[in-house]
Undergrad: 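The following block contains the structure, expressed as structure tokens.
Every chain is numbered from 1, with letters handed out A, B, ... down the list of sequences.
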Amino acid sequence: DSGVTQTPKHLITATGQRVTLRCSPRSGDLSVYWYQQSLDQGLQFLIQYYNGEERAKGNILERFSAQQFPDLHSELNLSSLELGDSALYFCASSVGPDRDAFFGQGTRLTVV
Amino acid sequence: GESVGLHLPTLSVQEGDNSIINCAYSNSASDYFIWYKQESGKGPQFIIDIRSNMDKRQGQRVTVLLNKTVKHLSLQIAATQPGDSAVYFCAETLDNYGQNFVFGPGTRLSVLP
């Protein structure tokens with residue numbers, strides 16, 4: 001158990017809908033990262049927050065957004081969902097922005 | 001559990017042998033690298049890291065080698081065990097201050113009894 005908690009574990013939704021994925025980082029970790037992993041692709045970095053502020057942005061679509069709250073938990077919002085958005089979404093956390101990250105178990109999103 | 005990377009390159013080794021997993025990274029400016037292990041149905045798990053000012057780093061049963069000249073990273077696992085069966089990803093960071101990692105496609109390690 002990495003200490004990073006993601007909910008829900010599984011999510012099935014229809015195209016065009018909006019969903020919110022939640023991440024609780026390890027106690028004491030200030031950085032939160034979101035990654036997308038498709039079945040036939042590696043891990044794609046989406047976005048990073050550090051202590052509530054956006055730190056780095058990767059291949060995140062405009063339909064996606066994220067935020068980190070004062071209690072350091074983070075949410076990833078995915079809207080206008082398309083079939084191609086079906087993937088595993090991982091959250092990771094670390095103490096600081098330049099330290100190795102611990103990953104959660106992921107949320108499996110299926111868009112039908 | 002979920003199958004990650006259905007069409008990944010696969011390395012099959014006998015239990016007890018040493019494994020070498022290779023990775024070519026993309027950016028010569030990258031200065032921090034990590035190897036992650038991902039078992040079926042789980043998130044990636046940190047194995048070992050190395051900074052660009054080093055050529056080699058050893059952990060428990062694992063060694064990472066970095067060749068900056070050819071932008072190559074390798075992970076050596078000594079005395080491979082069945083529990084080592086997983087997908088292994090290398091990751092490089094392009095950002096000194098953040099963790100905007102770029103992950104490689106992964107290699108599936110299969111340990112044969």
Undergrad: What's the shortest heavy-atom distance between Lys42(B) and Phe90(A), and which atoms?
TA: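 Smallest heavy-atom distance, with atoms named: O-CZ, 3.8 Å.
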Undergrad: Which atoms of Phe102(A) come close to chain B, meaning under 4.5 Å heavy atom to heavy atom: side chain ones, backbone ones, both, or neither?
TA: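 Phe102(A) has no heavy atom closer than 4.5 Å to chain B.
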Undergrad: Give me the atom names and distance for the closest heavy-atom approach of Tyr36(B) to Ala101(A).
TA: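 Heavy-atom minimum between the residues: OH-O, 3.3 Å.
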Undergrad: Give a yes or no on whether Tyr25(B) and Met54(B) share a hydrophobic cluster (residues Ile, Leu, Val, Met, Phe, Trp, Tyr; joining criterion: side-chain heavy atoms under 4.5 Å apart).
TA: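 Tyr25(B) and Met54(B): one cluster.
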Undergrad: Determine whether Leu112(B) and Leu11(B) fall in the same hydrophobic cluster, where Ile, Leu, Val, Met, Phe, Trp and Tyr are linked whenever their side-chain heavy atoms lie under 4.5 Å apart.
TA: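 The answer is no; the residues belong to distinct hydrophobic clusters.
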Undergrad: Are Trp34(A) and Phe103(B) linked, directly or through intermediate hydrophobic residues, by side-chain heavy-atom contacts shorter than 4.5 Å (ILVMFWY only)?
TA: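 Result: no, two separate clusters.
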Undergrad: Honestly curious: do Leu65(B) and Trp35(B) fall in one hydrophobic cluster under the side-chain, below-4.5 Å linking rule?
TA: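 The answer is no; the residues belong to distinct hydrophobic clusters.
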